[in-house]
Amino acid sequence: MISSGLKLKVVAVNDIAPSLRQLSLASVDGSALPPNGAGSHVLFNLPGQGRVHRNAYSLINPPGSRSQYDIIVRRVPTSRGGSAAVHERLQLGDVIEAQLPANLFPPQRRARQHLMIAGGIGITPFLSYLQDAGVKASGYALHLCCRESEREVFAPWLPAGDPQVFFHWDAEGHRLDIPALLARQPAGTHLYVCGPAELNQAVLDAAQAQGWPASQVHSELFGAASSGGAPFEAVLKKSGQSVRVGEDESLLEAIERLGVAAPCLCRGGACGVCVTPLLEGEAEHRDHYLSASDKAQGRLIMPCVSRARGARLVLDL
């Protein structure tokens, strides 16, 4: 079985929009939870139909909170199980397992200014940024690209009347001009973007075109890349097991069906937590993490999104 570090009880459920659900979870035994920093995730084991889904969600609590963990989850129409489990199965009083908080997207303490660009539910890590003393002391601006109908949804977690929080949506006069925004930032600004792939890439391309130093540009991608494709066999060398990876499941999901504790976090090919040595076979790389050199060498694979180009892969798991 896949081990976890925490047992959490759902202590509050709030449907804040038709496709958005906010959950609060506390320790089952009432003990203090491990503290989290701004930008932290927790990986939850969520009940599914005949299986457990392991999905990570950003904590929106103030940094250092230990009484409960708060998350907001969007119900995705093409959900592979995680968001569906949160919206359709989790109820008040349910107990689930979770791993300890991890942080792959922290605010940079050396920044003179923090510029945050979020797309939809990509606002969630920034809700904790706005409660971070260091971010507030340095100065910040948050630009949220969302549906016009959702402008007020996140208000309970935003500073009331904050002049540095801006909303953008797809209408004349309200669209975000990314190049213009980046061009007027003062020296020493750090840029953060979290959202769907199209927004992330547009921001990263604009920053590169304007000569932003790579060390001052930070991104977090949500939403898994397409993981479907031709079925193949995966052999796990260390455990001596093999599994057939179906055309509509990821390699990681197939491995998890065996109960093998494969490391993961974002499940979208962006964080690098699940990178696994590839012993035999050729990978079809679909991740955003491995370098071109890594992919050319053919010795690593990201099981969360990548697949086999042939009939068989052998992994060092």
Side-chain angles (χ1 to χ4, degrees), residues 2-14 16 20-46 53-73 82 86 90 92-111 113-114 116 118 121-140 142 154-160 162 165 190 192-194 218-222 261 263-268 270-274:
I2 298 170
S3 62
S4 299
L6 300 170
K7 285 200 172 187
L8 304 175
K9 182 178 181 180
V10 179
V11 296
V13 178
N14 183 17
I16 59 177
L20 292 170
R21 170 166 281 196
Q22 185 262 320
L23 296 178
S24 298
L25 304 104
S27 175
V28 168
D29 62 9
S31 60
L33 294 169
N36 60 280
S40 292
H41 285 81
V42 166
L43 186 72
F44 298 93
N45 289 0
L46 302 167
H53 301 280
R54 303 170 71 211
N55 283 59
Y57 298 106
S58 295
L59 299 179
I60 63 173
N61 325 44
S65 299
R66 305 196 66 181
S67 60
Q68 64 185 41
Y69 292 152
D70 299 318
I71 60 174
I72 298 175
V73 179
V86 170
L90 275 189
L92 195 67
D94 285 353
V95 174
I96 61 173
E97 294 184 335
Q99 293 188 3
L100 300 176
N103 200 341
L104 301 172
F105 194 54
Q108 301 301 302
R109 300 305 176 190
R110 62 186 180 277
Q113 170 83 5
H114 303 272
M116 298 165 268
I121 197 64
I123 192 177
T124 50
F126 299 133
L127 296 180
S128 63
Y129 274 46
L130 297 182
Q131 302 174 83
D132 181 88
V135 170
K136 291 190 287 187
S138 299
Y140 64 85
L142 168 65
F154 301 105
W157 297 276
L158 294 170
D162 192 333
V165 176
H190 277 242
Y192 312 83
V193 58
C194 180
H218 318 279
S219 66
E220 183 170 68
L221 182 72
F222 73 79
C264 68
L265 185 56
C266 77
R267 304 181 77 91
C271 71
V273 170
C274 75

Between Q22 and I16, the two heavy atoms sitting closest are CB-CG2, 4.2 Å
Heavy-atom closest contact (T124 atom, I60 atom, distance): O-CG2, 3.6 Å
Is there a donor-acceptor pair closer than 3.5 Å between any side-chain N or O of Q108 and the backbone N or O of P106? yes
What closest approach, in Å, do G82 and L46 show between heavy atoms, and which atom pair accounts for it? O-CD1, 3.6 Å
Are F44 and I71 packed together at the side-chain level, in the sense that at least one heavy-atom pair is separated by less than 4.5 angstrom? yes
Could you pull out all residues at least two apart from Y129 that satisfy ring pair (Phe, Tyr, Trp, His ring centres under 6.0 Å)? F105, F126, Y192
CD on E97 to CZ on R54, rounded to 0.5 Å: 10.5 Å
Listed by chain and number, what are the side-chain contact (heavy atoms from CB on, under 4.5 Å) partners of L104, not counting sequence neighbours? L265, C271, V273
For F154, which residues count as a ring pair (Phe, Tyr, Trp, His ring centres under 6.0 Å) partner, sequence neighbours excluded? none
From CZ (R109) to OG (S138), nearest 0.5 Å: 8.0 Å
Residues forming a ring pair (Phe, Tyr, Trp, His ring centres under 6.0 Å) with H41, sequence neighbours excluded: none
Over all atoms of both residues, closest heavy-atom pair of L92 and A12: CD1-N, 3.5 Å
Given side chains that start at C-beta, do those of L142 and I123 come closer than 4.5 Å, heavy atoms only? yes
Nearest atoms (heavy-atom pairs only) where P101 meets P35: CG-O, 4.2 Å
In Å and rounded to the nearest 0.5 Å, what is the CG to CG distance from L6 to N45? 10.5 Å
Contact list for residues 26-37, test salt bridge (charged side-chain N to carboxylate O under 4.0 Å, His left out), sequence neighbours left out: none
Would you compute the distance between atom CG of N55 and atom SG of C264 and round it to the nearest 0.5 angstrom? 8.0 Å
Nearest 0.5 Å please: distance from the CG atom of L25 over to the CG atom of L33. 9.0 Å
Please say which of S40, S58, P63 ends up in a side-chain contact (heavy atoms from CB on, under 4.5 Å) with N103. S40
Which of these passes side-chain contact (heavy atoms from CB on, under 4.5 Å) with D70: L23, N14, N61? N61
Quick check for you: to the nearest 0.5 Å, what is the distance between S65 atom OG and L59 atom CG? 9.0 Å
In terms of heavy-atom contacts, H114 and P107 come closest through CE1-CB, 4.3 Å
P159 meets the side-chain contact (heavy atoms from CB on, under 4.5 Å) criterion, sequence neighbours left out, with L130, Y140, D162
